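Note that this is a predicted model, so its numbers are computed, not measured.
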Amino acid sequence: MNPTFWKLFRIFFRVGAFTFGGGYAMVPIIQKELVDHAKLMTDEDFLDVLAVCQSLPGAIAVNVSSY
């Protein structure tokens with residue numbers, strides 16, 4: 001499989017396993033992992049993703065991870 005897939009899997013597995021407090025508590029950790037550590041997107045891209053995911057029904061963390 002694609003190496004980026006496994007990188008994303010590890011990131012979201014760690015976020016889901018070690019974060020308590022619901023979806024909005026996970027958003028800053030997801031941002032730090034995707035933008036600062038993995039450098040998979042910029043801050044502006046993450047804000048765009050967050051805006052789209054907030055307008056969709058469902059849990060925000062699930063929407064961000066699926067986007």
[X] side chain near [Y] side chain, heavy-atom distance below 4.5 Å:
X: M26; Y: F12; value: no
X: V49; Y: N63; value: no
X: L8; Y: L34; value: yes

Smallest separation among heavy atoms of A61 and G23, with atom names: CB-CA, 3.8 Å

Side-chain (T19) to main-chain (G16) donor-acceptor, under 3.5 angstrom: no

Pairwise distance [atom1]([X]) to [atom2]([Y]) - rounded to 0.5 angstrom:
X: Y67; Y: F46; atom1: OH; atom2: CZ; answer: 12.0 Å
X: I11; Y: L40; atom1: CD1; atom2: CG; answer: 5.5 Å
X: S65; Y: F9; atom1: OG; atom2: CZ; answer: 12.0 Å
X: I30; Y: R14; atom1: CD1; atom2: CZ; answer: 12.0 Å
X: H37; Y: I29; atom1: NE2; atom2: CD1; answer: 11.0 Å
X: T42; Y: D45; atom1: OG1; atom2: CG; answer: 3.5 Å

Hydrophobic cluster membership, Y24 vs L50, 4.5 Å side-chain cutoff: yes

Hydrophobic cluster identity match, M41 and V27, side-chain contacts under 4.5 Å: yes

Between Q31 and D43, a side-chain donor and acceptor under 3.5 Å: yes

